[in-house]
Colleague: 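First, the structure itself, so that you have it in front of you.
Letters A, B, ... mirror the listed sequences (proteins, then strands); counts begin at 1. Any value given below was found using the heavy atoms of this structure, including those in side chains, with hydrogens, waters and symmetry copies removed.
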Amino acid sequence: MRNDSEFIAEFQTKFSRMNCSLMEVCGTHTNVIRKAGIPQLLPKGIRLLSGPGCPVCVTGSGYIEQSVQLSKNQEVIIVTFGDLLKVPGNTCTLNEARAAGGRIKVVYSPLDAVEIAENSPGQEVVFLGVGFETTAPVIALAVKEALRKGIRNFSVHPALKVLNPAMKALLKDPELSINGLIAPGHLSVITGAKSFAFLPEDFGLPTVITGFRVEEIWLGLTALLNQIKKGCATLENMYPQAVSPEGNQPAQRLIREVFTPEDTEWRGLGMVPGSGLGLSESYRNFDARVRFQLGPATSNEPPGCLCGPILLGKSVPNQCPHFGRSCTPEHPVGPCMVSSEGTCAADFYYGKIGVNK
Amino acid sequence: MCLAIPGEVMRIEGTKGEVNFLGACRLVNLSLVPEVKAGDYVLVHAGCAIQIVPPLEAQETLKLFGEILQEEI
Amino acid sequence: MPGRIKLSEGGGGEATARLIEEVFRSRFRHPEILRGNDAAILNNPGRKLAVTTDSFVITPWRFPGGDIGKLAVCGTVNDLTMMGAIPLGLTVSLIIEEGFERDYLEIIAQSMVETAMEAEVPVVAGDTKVVNKGAADGIFINSTGVGTVIEGTQLGGEYAKPGDRVIVTGSIGDHGTTVLLARGELGISSELISDLAPLNNFLLPLVRKYGERIRVLRDPTRGGLGTTLNEIARQSKVSIRLFEERIPIKPEVRGITDLLGLDPLYLANEGKAVIIAASSCAGELVDQLRVNDLGKETALIGEVTKENPGLVSLRNQMGGERIIPLGSGELLPRIC
């Protein structure tokens, strides 16, 4: 077996003449790829784009603003994943709302939010339900747990998204040109490898599912480039130890039971029908939008901010007038800079050495 | 979009289990992996096991390393 | 300037650096403050004196491996040590919230005296105040220390030179991870304990021996190794490259940080030092450090270069390299 630097050297030689764009869709992949310094090691003609797989990035500022306003209610405790704290709302971030006196707690698991509700009688606990299909079943479990225990002071403010409708909308865009896709590893644990079969079948796109270790990503890139070189388009599951063809059935059943598809807005894509998840009828009383009579959220895109096109792989961060100037991880303008997985944050932190692609 | 890491199930109590991540333990919800047994490894996301996976030592990714570049066009 | 102080401005990262610059360094212009080191050197006929001060507000007040009392002594003893000064004495000043358990106070006081004895540094003065319930979070302790600088040393964040080596005296992230778990909100348990320890008797003999060949000594406390190295890179106007596989990290710290999406490079250490030393003595220094229990996992983890002044980078085994930024200040569990 060859060692690491020999592998890289052979990779660079074998693919030195390639001219193509590869997209990865999962924010955790973006993070790992940048952390491993992979873009700087790829031959010049191979471009890596980041798609809309960062749930924080594709969530509009209007949702954050509604959560900020809710936090001003003295009887409400907002409970959230850490990822959301620095995302700008229309007026401020949740971090700033906390500094101004709002009760905002960070948890590792949505199930902890139910426990907080149980221990806080007389207070309304609102969990900010952000994530894709990986997180949806966990939030569903939290809702069912609240129901089972008769905990009435718990609700979810949903911002859950389903990836495939957005992928289809993205791939139909004539301005977008990609030659291969790295499909999300943990999302496919839930939805199954087969859920990505439409990519090669309907769109002729070579697709690989990979895990998250650096070696696995290199393997995935190699497999994709081999396919592109051969001119074929298939789905390769390179993470079979975790991803089965059918996915996690109990999780899928749970999603169908607790949630129902909704039309929802994606930053950069606009409204994508059936791409969101709201609470289903039997669980509607756990929907914070109903409980607190929240209207539709309206988002303010900061002028000049290129987060939308960047999320679609149409622009790169250093094309944005704010990047590195008015927009840095310390004071982000748009969410792509906030999330550690956002393309802009990744480029800002990891892109200063060598050639920035 | 999904941070999930593997851990070893030490013991099971109803729908929950104590999972060990390199020496650190946490109670994890096991409802999504009903066939799990103590001693299995599970992938854990946001406090919930989403899949049963092989133990870390058995993952043979690195072996593929040597072979994949040999693929001819 | 309107606005409110945010939690992240106390985290030790970018936000803290800005707050300190804008509110304090713009006003307090003494050269020793502007140097930005762990203790200030005062000119004194005969011997140079080092003086330092620190406040301790940790929650919870007690954690596996120590408590706020032990921390107050170690923190100040170590800051003096980092400037090559033999600690002469400490003061401790307590602000106690009304209603704090008397037994806890006794435990903390006992911890302070035991740690002071272990370090062979006396507590020579103190003060105590009690404030109304709600005006302090349990107990706050400030500690100030004075020491005499060892002759023949020249230590400071501004002295790193290209070609020097970067050494760390053991595993990183132990204290920060332990305290995070001790807050009890994450439901994670482990056998991990804080690395809290006084480093004067461990490091000062080597400082004396190697003199100016040791350029920088700093304990990577709040903000962790990542923040500390960034500060040094900026002060010395050099770049620092770390080698990922050489950085010692305990498996539990790995497991917990992977689970929560945190980075051990930004978690606090309270019993470790970063040492930047001339390449001519680095190997030998590592061997000498390893002889002591406090340094048995000492590792040579990187090098100082001049390629990108002010930047710290991390190279992995596959040859990929990324930037280690200053750090944002607040470490939050993530799902993504």
Colleague: Tell me the closest heavy-atom pair linking Leu32(B) and Ala251(A), and the distance in Å.
Modeller: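 Looking at all heavy atoms of both residues, the closest pair is CD2-CA, 3.7 Å.
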Colleague: With no hydrogens and no angle check, is any side-chain donor or acceptor of Gln51(B) less than 3.5 Å from a backbone partner on Ala242(A)?
Modeller: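 Here the side-chain-to-backbone pair exists.
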Colleague: How would you list, by chain and number, every residue that makes a side-chain hydrogen bond (donor to acceptor under 3.5 Å, both in side chains) with Thr191(A), sequence neighbours excluded?
Modeller: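 So Thr191(A) forms a side-chain hydrogen bond (donor to acceptor under 3.5 Å, both in side chains) with Ser195(A).
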Colleague: Gln249(A) versus chain B, heavy atoms under 4.5 Å apart: side chain, backbone, both or neither?
Modeller: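 Contact with chain B involves no heavy atom of Gln249(A) at all.
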Colleague: Picking from Thr15(B), Asn29(B), Ile52(B), which has the most non-hydrogen pairs under 4.5 angstrom with chain A?
Modeller: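 Winner by heavy-atom pair count: Asn29(B).
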Colleague: Mind listing the closest non-hydrogen atom pair of Ala46(B) and Val138(A) along with its distance?
Modeller: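 It is O-CG1, 3.5 Å.
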Colleague: Looking only at heavy atoms, which two atoms of Thr134(A) and Ile50(B) are closest? And how far apart?
Modeller: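 That closest heavy-atom pairing would be CG2-CD1, 4.1 Å.
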Colleague: Minimum heavy-atom separation for Tyr108(A) to His45(B), with atom names?
Modeller: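 Nearest heavy atoms, Tyr108(A) then His45(B): OH-C, 4.3 Å.
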Colleague: Write down the atom of Ser109(A), the atom of Arg26(B), and the distance for their closest heavy-atom approach.
Modeller: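 In terms of heavy atoms, the two residues are closest at CB-NH2, 4.4 Å.
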Colleague: Does Pro250(A) reach the side chain of Pro34(B), with side-chain heavy atoms less than 4.5 Å apart?
Modeller: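 Result yes, sub-4.5 Å side-chain heavy-atom pair found.
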Colleague: Can you pull the salt bridge (Lys or Arg N to Asp or Glu O under 4.0 Å) pairs that have at least one residue in residues 36-45 of chain B, sequence neighbours excluded?
Modeller: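 Listed once each, the pairs are Lys37(B)-Asp40(B).
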Colleague: Is it the backbone or the side chain of Leu43(B) that comes under 4.5 Å from a heavy atom of chain A, or both, or neither?
Modeller: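 Interface part for Leu43(B): side chain.
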Colleague: Can you give me the closest heavy-atom contact between Leu111(A) and Gly47(B), atom names plus distance?
Modeller: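 Between these two residues, the closest heavy atoms are CD1-O, 4.1 Å.
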Colleague: Name the region of Leu254(A), side chain, backbone, both or neither, that has any atom closer than 4.5 Å to a heavy atom of chain B.
Modeller: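 Leu254(A) touches chain B through side-chain heavy atoms alone.
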